[in-house]
Every structure is written in C-alpha cells, then in structure tokens.
Amino acid sequence: MRAILLGPPGAGKGTLAEQLVKHYPIVHVSTGDLFRYNIKNQTELGLKAKSYMDKGELVPDSLTCDMLKDKLQTLDKDQGFLLDGFPRNVYQADVLEDILKELGVELDLVINVKLDDEIIIERLEGRRVCTTTGTIYHIKYKKPKVEGISDETGLPLVQRPDDTREVIEKRLKIYHEQTAPLVEYYQAKGKIFDVDNSGTADEAFAKVKARLDS
Ligand code: AP5
C-alpha cells in the first residue's frame with residue numbers, strides 16, 4: 001500500500017501512523033520527523049528548516065521536495081509507504097506525481113484526517129513527545145505511565161517548540177490556505193478516504209483498518 005495521511009496539524013496523523021505501521025508492512029515517512037532529525041543532528045538542512053518550523057511556516061518547497069525524493073529513492077520498489085505531512089500544497093502534490101512516475105509506482109489512497117480547530121488547539125497544547133523514539137503522548141488523552149517521562153526510554157518528554165498557541169494558530173491558517181485545497185485535488189482523482197478523529201485514537205484506527213482490509 002502507498003498512502004498519504006492528509007489533515008491539519010494536530011489532527012492525529014502521527015498517532016494514526018504509529019498504529020498503522022504496527023499492523024501493515026509499510027514505512028512511515030514523515031517530513032516533519034525528517035526535518036526534526038536533521039535539526040537534532042545539526043545538519044545544514046536542519047539549520048535551514050528550523051527557522052521556518054519554529055514560526056509555523058512551511059519549509060521552502062525546494063528543500064522539502066528534494067528531501068522527500070531522496071528518502072523515497074532509498075526504499076525498495078515493492079515497499080509500501082505512508083506519507084505523513086507531504087504533500088502540503090498543490091505544487092508538492094504535482095512533484096509527488098512526478099516522483100512516483102519516475103519510481104514506477106502508484107498512489108493507492110489518501111487518508112484525510114478531519115478535526116475541528118478548537119479540538120486541535122487543545123490536543124496540540126497538551127502533546128508531549130519522546131525525542132528519542134518519536135512516540136507521541138498527551139497529558140490527558142495518552143498519558144505515560146509516569147507523568148512527564150517516556151515509557152520507552154525513561155527520559156523526560158518534551159513539548160515541541162511549534163506547539164505554542166500562537167504558532168499553532170499560524171500553522172492552522174497555513175493549512176486552510178495551502179493544504180486544504182489538496183482534499184479536492186485528490187477527490188478529483190477518486191483517492192480520498194475521510195476519517196473523523198473527534199472520537200478516540202482507537203476508533204479512528206478501526207475506521208481506517210476497516211477501509212484498508214475491505
Ligand atoms: P509536522 O511534524 O508534519 O506537523 P503537523 O502536520 O503540523 O502535524 P503534527 O505532527 O503537529 O500533528 P499530527 O496530525 O501528527 O497529530 P498527532 O498524532 O501528534 O510538521 C511540522 C513542521 O515541519 C511544519 O509546520 C513545517 O514547518 C514543516 N514541514 C513538514 N512537512 C512539510 C512540507 N511537506 N512542506 C513544508 N514544510 C513542512 O496528535 C496530536 C495530539 O493529539 C497528540 O498529543 C496525540 O496524543 C493526541 N491525539 C491524537 N489522536 C487523538 C484522539 N483521537 N483523541 C485524543 N487525543 C488524540
């Protein structure tokens with residue numbers, strides 16, 4: 001399966017991806033995670049990306065598309081993947097078409113995760129992450145066994161620098177202006193599967209699983 005997870009920031013794309021990769025032989029390719037890996041390792045790309053990400057802006061298309069292409073080229077042709085956070089505008093979607101054509105593979109599905117802005121703000125303000133494993137927690141909805149501590153590593157969980165209210169609002173504005181038009185873009189191709197994530201994370205996963213298994 002080759003799929004895209006589309007949806008606003010904080011809609012639950014990463015959480016859904018964590019569950020999907022446990023059930024299906026697919027690789028999770030998150031452009032946000034790739035940028036954060038580069039920031040942590042202080043690469044040139046990371047240094048460039050950080051200034052945009054901290055402000056809640058999109059990293060320029062040229063940097064993002066090259067990074068994504070490099071990553072997809074490392075995968076075996078038969079390897080399924082789940083793109084999370086890419087594409088984020090129509091230009092990136094067109095670039096993705098070209099990359100997939102070059103690789104000789106086709107996109108199967110676009111999972112469109114839907115959630116209202118007010119719920120998104122609450123979920124993102126309460127999100128905590130393990131910077132070593134990337135595991136996603138929430139102070140109310142997905143608590144670690146010990147408050148503030150990663151279950152896997154025993155190290156403190158952190159709040160992402162872009163999870164402040166001001167930056168979340170900017171990210172949402174950019175989503176509505178630049179990314180939301182992709183819903184129509186993929187609807188026209190008959191690839192969209194809508195998932196409401198206002199219930200629990202397990203409920204959202206069950207809906208996607210039912211679709212994938214059908
Ligand atoms: P990225 O890392 O992709 O962030 P995002 O798209 O803003 O999405 P998030 O990771 O914030 O949210 P999510 O939907 O994964 O939600 P999560 O599962 O964590 O991008 C970051 C930045 O990188 C961008 O702003 C940009 O600067 C740059 N970038 C990345 N890709 C780019 C591109 N293609 N072009 C240009 N720039 C790019 O869930 C959120 C919280 O909710 C968690 O705490 C979770 O535990 C909780 N939760 C999830 N589901 C539920 C549920 N059902 N009930 C209760 N709580 C839930």
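Quick note: numbers below take in every heavy atom, side chains included, and nothing from hydrogens, waters or symmetry partners. Just so it is clear, the structure is predicted and the values come from calculations on it, not from any experiment. Read the numbers this way: they start at 1 and go in the same order the structure lists the ligands and their atoms.
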| request: Scan for ring pair (Phe, Tyr, Trp, His ring centres under 6.0 Å) pairs involving residues 84-143, sequence neighbours excluded, and state none if there are none. | output: His138-Tyr141
| task | Would you mind telling me which of Arg128, Arg123, Arg127 makes a side-chain hydrogen bond (donor to acceptor under 3.5 Å, both in side chains) with Asp163? | result | Arg127
| remark: The protein residues that pass the under-4.0 Å heavy-atom test against ligand 1 are Pro8, Pro9, Gly10, Ala11, Gly12, Lys13, Gly14, Thr15, Thr31, Gly32, Phe35, Arg36, Met53, Glu57, Leu58, Val59, Thr64, Gly85, Phe86, Arg88, Gln92, Arg123, Leu124, Arg127, Ile136, Tyr137, His138, Tyr141, Arg160, Asp162, Arg171, Asn197, Gly199, Thr200, Ala201
| Pair Arg165 + Glu169: basic N to acidic O under 4.0 Å | yes
| query | Looking at CD1 of Ile136 and CD of Glu18, how far apart are the two atoms once the value is rounded to the nearest 0.5 Å? | reply | 4.5 Å
| request: State whether Tyr185 and Lys189 meet the cation-pi test: NZ (Lys) or CZ (Arg) under 6.0 Å from the six-membered ring centroid, and within 45° of the perpendicular axis. | output: yes
| Just wondering, do Ile174 and Leu58 contact through their side chains at under 4.5 Å, heavy atoms? | yes
